[in-house]
There are 2 protein chains.
Amino acid sequence: MQTRQYRRIGEIGYGMAMSATETAVDAPEIGLRELKKQMTHDAIAQAAFRLTLEKGLDHVTIEEIAREAIVSPRTFSNYFSSKEEAVVSAGSEDPQEFLPAFREALEQEPPLRALCQVLSDFYASRTEEQLDRSLQLLGLVERYPSLLQGQVGRFATIEAELRDAVAEHTGTDAETDMYPWLMAAAGMASLQAALRLWAASGRGADHLVELLQDAFNQFSAGLPVPGR
Amino acid sequence: MQTRQYRRIGEIGYGMAMSATETAVDAPEIGLRELKKQMTHDAIAQAAFRLTLEKGLDHVTIEEIAREAIVSPRTFSNYFSSKEEAVVSAGSEDPQEFLPAFREALEQEPPLRALCQVLSDFYASRTEEQLDRSLQLLGLVERYPSLLQGQVGRFATIEAELRDAVAEHTGTDAETDMYPWLMAAAGMASLQAALRLWAASGRGADHLVELLQDAFNQFSAGLPVPGR
DNA sequence: GGCGATATTGCCTTGTTTGCAATATTGCGC
DNA sequence: GCGCAATATTGCAAACAAGGCAATATCGCC
């Protein structure tokens, strides 16, 4: 999980050196150093997540997490500003994984449809293990409200990126135009509702996708009252 | 600000005793004790808010806030679990102020329209001072990301109450039906978008109401792409 | 192989959180 | 009014967390 993609930093500098090696599709082009950083990041997050599952959030200390990840407590603080952040980071999706796809899809479909498509694809292609992890996180968030804030913060970040993407694409300004806000919010609301209902249903990944599409469809239809 | 309304607790008990005194419209019917609690709650929140405006969030300590509100630091912790919570609590609207109205409006209009109406009325009837306070909070949230989490948490609470109200009214189950989730989320998204654009616009309360209604209209219309 | 950049760590200070027990205040029946 | 029960407030203390700073270790690159 947490496979990362890195922003291309123009053509600056590295050009000569790397044209020799294979310019891999989603390769970092950023040294081994950065890679190791990601690894410790993930190691800490994993440790936090696992220990929380085992012992409950408030019986886990930063010191313990750090020991588990084989770093100093001080290093923990260099990566995360709280236990909660670490736990949530380990269990949830990395927005960088579908944002590029969303930007591409925007070229071909209206935003709402594009996002629906991208998210559906994304979740349809997740492994059992990844989905399990999402379920576990949902459970933890329900059990510990303090995690909720961390998660909501994470969602807010994704929403902001979606908003920017939409604003950029439609040529509207997120400072004065409402559409990007509503669009991004509708997307995240669909995702969140689908995830929670899916978790409650106890069914498989295909049901999650159904729920997602249902949510998007309701938004497209102007949120008709179900009963009538 | 923060005028509270209390749930009517049926006809239990107090009947005899209070029929003598005036059964005030939004009166607590809950002793002086409860009232004082609200007062210290507000006093602490006010202190937190004002000090943060003056000195910046991270130059304010709980001890200081407590002194300002004339309570012990320990008492602060009895009311709020963090500075952030206190600050946000002081600056933002109390959901109890429009939830009852929303429940009533649900009897007469479809949910989306009902919520739009209730929120419009609510903000239209706010004083300059109250609106100023909202603006100040928006500014603070922008300046200090850690406040954002507190605010989002507060919004989440309101959203949950909206959701329950909608689920209850439409007879749907929030555990299995998606409509209440989407409906509540759309409402809060409209509110948030309207507030932020309004803050950026620097215009008056009537513009906020316009923005609110615009947002709700876009949702009703199925979020059409603006350009075409 | 050495140098510059940067990641990691330890130390330390300040602030936060929470349980517990003591104290003060309030509501209410008499 | 008076006193009792309920509960709000406080002080104390211990455990934990956050973050600046400087020393050290490690990496990438020439």
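These values consider heavy atoms only, across backbone and side chains, with no hydrogens, waters or symmetry-generated copies. Numbers restart at 1 for each chain; the letters A, B, ... are given by sequence-line order, proteins then strands. Please read all numbers here as calculations on a predicted model, not as lab measurements.
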Find every protein N or O atom lying less than 3.5 Å from an N or O atom of nucleotides 16-19 of chain D, and list the pairs.
{"residue": "D/dA17", "atom": "OP2", "partner": "A/Ile62", "partner atom": "N", "Å": "3.3"}
{"residue": "D/dA18", "atom": "OP1", "partner": "A/Ser81", "partner atom": "O", "Å": "2.8"}

For A/Glu84 and C/dT16, give me the distance from atom CD to atom C1', rounded to whole Å.
13 Å
Given 3.5 Å as the limit, does a donor-acceptor pair link the side chain of B/Arg163 with the main chain of B/Ala185, or not?
no
Rounded off to whole Å, could you give me the CG-to-P distance for the B/Asp58 and D/dG20 pair?
10 Å
Quiz question: by atom type and distance under 3.5 Å, do the side chains of A/Gln151 and A/Ser92 form a donor-acceptor pair?
no
note: A/Lys37, atom NZ; D/dG28, atom C1'; distance rounded to Å ~ 15 Å
Here the distance between atom C1' of C/dT16 and atom CD of B/Glu64, to the nearest Å, is 15 Å
Separation of B/Ile70 atom CD1 from D/dT10 atom P, in whole Å?
10 Å
Test item: A/Ile62 and A/Phe80 side chains (from C-beta on) under 4.5 Å apart, heavy atoms:
no
Mind checking whether B/Phe98 and B/Asp121 have side chains closer than 4.5 Å, heavy atoms only?
no
Specify the angle, to 10°, made by the local axes at the two ends of the helix from C/dG1-D/dC30 to C/dC30-D/dG1 when five pairs are taken at each end.
30°
Please check this pair: side chain of B/Arg196 against backbone of B/Leu138, looking for a donor-acceptor N/O pair closer than 3.5 Å.
no
Please report, rounded to the nearest Å, how far the C1' atom of D/dA25 is from the CG atom of A/Asn78.
14 Å
Measure from NZ or CZ of A/Arg203 to the centre of the six-membered ring of A/Trp198, then state whether that distance is under 6.0 Å and the direction lies within 45° of the axis.
no
Nearest-0.5 Å distance that lies between atom CZ in B/Arg133 and atom CZ in B/Phe49
5.0 Å
Integer-rounded Å distance: C/dT9 C1' and A/Tyr79 OH
12 Å
Value rounded to 0.5 Å, distance of CE in B/Met178 from OG in A/Ser190
7.5 Å
Please list, for nucleotides 23-25 of chain C, all pairs of protein and nucleotide N/O atoms separated by less than 3.5 Å.
{"residue": "C/dT25", "atom": "O2", "partner": "B/Arg33", "partner atom": "NH2", "Å": "3.1"}

Just wondering, more than 12 heavy atoms not from B/Glu128 lying within 6.0 Å of its CD?
no
Anything under 30° is parallel, anything over 60° is perpendicular, the rest tilted; go ahead and classify A/Tyr79 against A/His41.
perpendicular
List the atom of A/Pro73, the atom of A/Glu63, and the distance in Å for their closest heavy-atom pair.
CG-CG, 4.2 Å
